Amino acid sequence: QVQLVESGGGLVQAGGSLRLSCAASGNIFTINTMAWYRQAPGKQRELVAIITSGGSTNYADPVKGRFTISRDNAKNTVYLQMNSLKPEDTAVYYCNLEGRLYSGSRFNYWGQGTQVTVSS
C-alpha cells in the first residue's frame with residue numbers, strides 16, 4: 001500500500017557530495033518518522049540519520065557534521081544531503097518510513113536501496 005522509491009546514489013570522489021531522495025506514494029495518512037540506513041560490504045546495517053514529524057534529527061557519529069537529513073511533507077519525501085564524502089561512506093543506502101495509512105493501519109516500509117560509492 002506504500003511504495004518508496006530512492007534515487008541520487010552514484011560514484012563520487014572523496015570530498016564530493018551527493019543528495020539522496022526517497023519518495024513515498026500510496027494511501028498515506030501521515031508519515032511520522034523518516035530515516036536513512038546504510039549497509040557497507042561486510043558490515044551490519046546501521047542507522048545513519050533520522051527525522052521526526054516535528055523536525056527533530058539525530059545522526060550517527062561517523063556522519064555528524066557532514067550529512068543532513070530533511071523532509072518535504074508536501075511531497076512525502078525525505079532527503080539525505082551528504083557532503084565531504086569519505087571512502088568509508090561507501091554503502092547501499094536505504095530509506096525507512098513509518099506512519100499510518102488512511103485505513104488506520106501502521107506501516108513501516110523500506111526503500112529499494114541506492115548504491116553510494118566514494119573513491120579515494
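Since the model is a prediction, treat every value here as computed from it, not as a measurement.
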Participant: Regarding K86 and D89, does a basic nitrogen lie under 4.0 Å from an acidic carboxylate oxygen?
Facilitator: no
Participant: Verify the distance criterion only: is there a donor paired with an acceptor across the side chains of E88 and T90 at less than 3.5 Å?
Facilitator: no
Participant: Would you say V92 ends up clustered with V12 if hydrophobic residues are merged whenever their side chains have heavy atoms under 4.5 Å apart, either directly or through other cluster members?
Facilitator: no
Participant: Q13 side chain to V118 main-chain N or O, any donor-acceptor pair under 3.5 Å?
Facilitator: no
Participant: Are the side chain of Q115 and the backbone N or O of G9 linked by a donor-acceptor pair below 3.5 Å?
Facilitator: no
Participant: Taking the side chain as every heavy atom from C-beta outward, state whether L4 and W110 have any atom pair closer than 4.5 Å.
Facilitator: no
Participant: In this structure, are over 12 heavy atoms from other groups packed under 6.0 Å from Q39 atom CD?
Facilitator: yes
Participant: Kindly give the heavy-atom pair with the smallest separation between L47 and A35, and that separation in Å.
Facilitator: CD1-CB, 3.9 Å
Participant: Using 0.5 Å steps for rounding, measure from the OH atom of Y109 to the CD1 atom of I28.
Facilitator: 9.5 Å
Participant: State which residues pass side chain to side chain donor-acceptor pair (under 3.5 Å) with K43; sequence neighbours excluded, sorted by chain then number.
Facilitator: none
Participant: Between Y94 and Y37, is the ring centroid distance below 6.0 Å?
Facilitator: no
Participant: Suppose we screen for salt bridge (Lys or Arg N to Asp or Glu O under 4.0 Å). Which residues come up paired with E46, at least two apart in sequence or across chains?
Facilitator: R38
Participant: Check the hydrophobic clustering (I, L, V, M, F, W, Y; side-chain heavy atoms under 4.5 Å; chains of links allowed) and say if I50 and V116 are grouped together.
Facilitator: no
Participant: Can you tell me how far apart OG (S103) and CG (N27) are? Round to the nearest 0.5 Å.
Facilitator: 6.0 Å
Participant: If only atom types and distance count, is the side chain of R66 paired as donor or acceptor with the main-chain N or O of S84 below 3.5 Å?
Facilitator: yes
Participant: Would you compute the distance between atom NZ of K75 and atom SG of C22 and round it to the nearest 0.5 angstrom?
Facilitator: 14.0 Å
Participant: List the residues meeting salt bridge (Lys or Arg N to Asp or Glu O under 4.0 Å) with R45, not counting sequence neighbours, and say none if there are none.
Facilitator: none
Participant: So does I69 get a backbone contact from the side chain of Y59, meaning a donor-acceptor N/O pair under 3.5 Å?
Facilitator: yes
Participant: Taking side chain as C-beta onward, heavy atoms only, is L97 less than 4.5 Å from F107?
Facilitator: yes
Participant: Check each of N108, T30, N32 against E98 using the side chain to side chain donor-acceptor pair (under 3.5 Å) test, and report the only one that passes.
Facilitator: N32
